[in-house]
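Reckoned from all heavy atoms, side chains included, excluding hydrogens, waters and symmetry mates. Reminder, nothing fancy here: chain letters follow the sequence lines and each chain counts from 1.
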Amino acid sequence: MEYNFSAIEKKWQAAWKASDAYKVSNESSKPKYFVLDMFPYPSGAGLHVGHPLGYIASDIFSRYKRLKGFNVLHPMGYDAFGLPAEQYAIEHGVHPAVSTHKNIDTFRAQLDNIGFSYDWSREIRTCDATYYKWTQWIFLQLFNSFYNKQKNKAEPILHLINAFEKNGNAEHECPSDASIQFTAAQWQAYSNQEQQQILMQYRLAFCGHGEVNWCEALGTVLANDEVVNGVSERGGHPVVKKKLRQWYLRITAYADRLLSGLDTIEFSEAMKEMQSNWIGKSYGAEIDFKIASAALDTDATLTVYTTRPDTIFGVDFMVVAPEHDIITAITTKEQQIAVDNYIAYVKSRSDRERQAEKKISGCFTGAFAVNPFNGKQIPIWISEYVLAGYGTGAIMAVPCGDERDHKFAQHFNIPITNIIGDAYSGNEANSTKDAPLFNSDFLNGIMMRDAIEIALAKLEERGIGKRKVNYKMRDAAFSRQRYWGEPFPVQWKNGVAIALDETELPLLLPAVDSYSPGPEGEGPLANIPAWVEKELETNTMPGYAGSSWYFLRYMDPHNSDVFCDRKVSDYWNQVDLYIGGTEHAVGHLLYSRMWTKVLFDLGHIGFDEPFRKLLNQGMIQGSSRFVYRKKGTQVFVSAGLLGDTEVDKLHVDVNMVDGVELDTEAFKKWRNNEYANASFELENGKYICGVEVEKMSKSKFNTVNPDILVEKYGADTFRMYEMFLGPVDQSKPWDTKGIEGVHRFIKKLWRLFFDEEKGAVYNAAPASPAALKILHRTIKKIEEDTERFSFNTAVSAFMICVNDLADIKCQTTEVLSPLLVLLTPYAPHVAAELWTATGNKGSILDAPYPVFDAKHVTESSKEYPVSINGKVRTNISIALDASEEEVTAIVLADTLIQKWMEGKPVKKFIFVKGRMINVVV
RNA sequence: GCCCUGGUGGUGGAACUGGUAGACACGCAGGACUUAAAAUCCUGUUCGCCGCAACGCGAGUGCGGGUUCGAUUCCCGCCUGGGGCACCA
């Protein structure tokens, strides 16, 4: 009887499906455990070998937890709204719903192949109306709430209206503009429209204006992804910034809680660091500088934000962002043309380009600001390195203390004031806080670190500045001028946004004739007369809307009364283990944390962090292969023979390449015989390809489809091989070489039970101590490795175990059956087959997990490595319970040790029990 | 540019808390079985040096320093691959 994986896997997959083996109940006496994968976007390219890496890891952990007696929720679904489907629709006229559903079917078939233990009865798709009804409902919660800073939580907007009616906004400072102040009487006197405008500035989901990538030629807004080097990816048309009305989420209100919440969850330190850097909390000051231009309005002030008020006497120039409102007011006639030209240049640049630019650029406005402490006149410049969105969009530049300011000053020959004495070399800035100040009036001689506080106090005392906590994070843009997303449940009447009533949900996404943008670059919904007549919002929600709360819907996926029953969310609570890539560090993971906090504040759920523990899987990269075609010919030159030959470098499908050797016959037939006439210049009879590691992508022909591997080696081999590749959290290029080794392992395991000729060889003999030692060592190792997600070493431990059992010809079920239970999370099909074939009763999915017993593995002595001066010279076997004195005596009596000591006296004797011995002479 | 992260044999990787670097695999080389192939099994495999050989010696974890009895692991500086940077998901 041989190992027929394909029959075995089909059989068990069918059996588990028929018995609903993975169906999970919301009621159980067992403790709960919630394992979640970041659900995929169902792209047209289908699943490649990179996707299942995390899914296999989570499946192993789910099955393991189930064996350990937990009620495990392990669901899967699809993040199904998004740009690619819409792009496909524009190009091929296929409705996104159609292509998306087709893609989902492909994904599902591919996932099923691998034998995951998902409870498919809980599947969700973010594009289903039954799902996005609740995404819209949560939007209404956000819209109808504000952040109460006193209570530090979100509350219904009605509370705010009540407060306004009693006390105006005295207790509730306007989050976007502190200068807005009104009394109760004023509030009551406002028109409804005015009141709504004020309320909008408090809502957690609010409308404002923001810049987008605008492509005039295409008449549409482009995603950053669709802009390459400042022009549109499609057609290469120019792209500029354009201000449009946009929806935002007031995530900045949650900045502090998003920071402090990190202490309560198990994310990697790197992930926490990325999130807190993104939030970017800093303590500093806003300082007002008067404008000193006689020709201009002398009352104008320029407010800057700085974290270093101690350096105020080192300010040599000011820089304002090219978008800053003040520019029109202060630019002098002489500078007007230069300023306009510079602003036009910056308009075509993305924030990223502006920050990454090494070349220094800027333009003088002709205006001067006045240093409030010493009256010094300071030139005001504009430059792209200052971004409008951070702080006040203006900085005071201190070249001796800031590298970018220093380079700017050098480039434009602006004189540099040295306020740190010897700490400034004259060649480059020194950003220290640990130097005494010079040329700084009342701060002279004070260490900068201490001067910060003194300067702050002075600023406030003299009323020219105030302390300010600042965040780098901005409110999250929440609208897209697109079709394939959730419609906003909002109507516009006389410029006032009015939320639909809950009972009107879902607001269905209507069919459109064309996926082209609306008249003014609005979303395609603006082309539907009936939609526009009802004055409905024409934007749709962004991709992250649906994914910000999906983990909750899995708990109660079919509930048509609420998004998730409170009793159910109380039971499942937080996601215990969340697995996905780091690429979501500052997007999805922050948004879903915010949504969870809002839902918690409003009393809809009982926890305010969604994910208790996060495991980041690495990215599987593609290893691309290239062929080299002599220019203008059909002659392909092997990589080693290139020399100076002029060639075109072409991606070639990795599946036609064995290692680096091209299958030339397959290549000739590739892409409908496109290269039928190819001839080859070979080295040693082989065509050797070029190699590069890149992102796995269809267009680079470096994707590997798991289906092919599953067909050739089986799901169990595929699962174990993906884990065996390396640590799950590490990125690595895919290489199919090596899968044979894992396949051999499973066949070797099989042969402990069945022999091709002899048939069954397993027996019920009592286990030998040696066999029990192997088993228990493995139990310990697998349990430890699984708990710490070290799946690659777990696979290797299985290999060692099977090698050792084969060596001692152990074929007894007393040892083999517990081994199968250990193995079943990793290779469920073969484990189930052997489990039943050897007469075990019940499903292996719920078998008792083997318990480690130390008595089978205890050792009495150890081969100690003995070093002289840190170099290992010999091994000596010594009893583990020997005292240090005994060990010293044994070691020093050893002839080899004596030889290496060359008669020198022992300076130090280091003995680490159970580890090693080092003699220092 | 900024933030995060990785770099160990021919290859993927192991070494969990500073304690024998290279587990387990792949590949390669040699051998057994076979008419042959597949499958399977056995032996060897970091590099260099001496030697018939067991063994022995030296070097070695991206590069250069440092701390330590001892460093892949900790510290400082540098080189380099990958991810993210706000409308891809």
Separation between the P atoms of rA14(B) and rG6(B), rounded to whole Å = 12 Å

request  = Would you check if the side chain of Gln275(A) reaches a backbone N or O of Ala585(A) as a donor-acceptor pair within less than 3.5 Å?
outcome  = yes

ask   = Which one, rC87(B), rC16(B), rC3(B), comes nearest to the side chain of Val212(A)?
value = rC87(B)

query = Is a side-chain donor-acceptor pair under 3.5 Å present for Asp729(A) with Gln617(A)?
reply = no

query = Among rA59(B), rC24(B), rC85(B), which nucleotide sits nearest the side chain of Ile800(A)?
reply = rC24(B)

message = Distance check, C1' atoms only: rG56(B) and rC41(B), in whole angstrom units.
response = 33 Å

query = Would you find more than 12 non-hydrogen atoms of other residues, nucleotides or ligands less than 6.0 Å from Lys407(A) atom NZ?
reply = no

task = Indicate whether any N or O donor in one side chain lies under 3.5 Å from an N or O acceptor in the other, for Asp405(A) and Tyr385(A).
result = yes

message = Roughly how many Å apart are rA25(B) and rU45(B), using the C1' atom of each and rounding to a whole number?
response = 14 Å

Whole-Å P distance, rC50(B) and rG58(B) = 16 Å

ask   = Arg915(A) or Leu725(A): which one's nearest nucleotide on RNA chain B is closer to the 5' end?
value = Leu725(A)

message = Taking rG70(B) as the reference, what is the distance to rA15(B) when you measure between their P atoms (whole Å, please)?
response = 25 Å

request  = Anything under 30° is parallel, anything over 60° is perpendicular, the rest tilted; go ahead and classify Tyr713(A) against His743(A).
outcome  = perpendicular

Side chain of Gln246(A) (C-beta onward), nearest among rG19(B), rU5(B), rC87(B) = rC87(B)

request  = Please work out whether the ring planes of His588(A) and His584(A) are parallel, tilted or perpendicular, with thresholds of 30° and 60°.
outcome  = perpendicular

ask   = When rounded to the nearest Å, what value does the distance between P atoms of rC47(B) and rG22(B) take?
value = 14 Å

message = Just to be sure I understand: a Watson-Crick pair is purine N1 to pyrimidine N3 plus N6-O4 or O6-N4, both under 3.5 Å. Using that and G-U wobbles, which stems of three or more pairs involve RNA chain B?
response = B:1-7 with B:79-85, B:10-12 with B:24-26, B:27-32 with B:40-45, B:46-49 with B:56-59, B:62-66 with B:74-78

Syn/anti state of rG9(B) by chi, 90° boundary around 0 = syn

task = Check the distance between rG13(B)'s P and Met723(A)'s CE and give it to me in whole angstrom.
result = 13 Å

request  = Using the P atoms only, state how far rA54(B) lies from rG65(B), rounded to an integer number of Å.
outcome  = 35 Å

query = With a 3.5 Å cut-off and just heavy-atom distances, do the side chain of Asn277(A) and the base of rC3(B) make a donor-acceptor pair?
reply = no

ask   = Checking only heavy atoms, does the side chain of Glu273(A) share a donor-acceptor pair with the base of rC3(B) at less than 3.5 Å?
value = no

request  = Could you state the atom-to-atom distance from CG of Leu387(A) to P of rC85(B) in whole Å?
outcome  = 15 Å

query = Side chain of Phe724(A): nearest nucleotide among rG12(B), rC87(B), rG13(B)?
reply = rG12(B)

task = Output the single nucleotide from rU20(B), rC69(B), rC88(B) whose closest atom is nearest the side chain of Asn918(A).
result = rC69(B)

inquiry  = With rounding to the nearest 0.5 angstrom, report the CG to CD distance, Leu222(A) to Glu233(A).
reply    = 9.5 Å

message = Under a 3.5 Å threshold, yes or no: a donor from one side chain and an acceptor from the other, between Asp475(A) and Thr252(A)?
response = yes

ask   = Rounded to whole angstrom units, what separation is found between the CG atom of Leu222(A) and the C1' atom of rA86(B)?
value = 16 Å

task = Please report, rounded to the nearest Å, how far the C1' atom of rA39(B) is from the CH2 atom of Trp750(A).
result = 16 Å

inquiry  = Counting only side-chain heavy atoms from C-beta out, which of rA89(B), rA59(B), rC69(B) sits nearest to Glu583(A)?
reply    = rA89(B)

request  = Determine the interatomic distance between C1' on rA71(B) and the same-named atom on rU61(B); round to the nearest Å.
outcome  = 10 Å

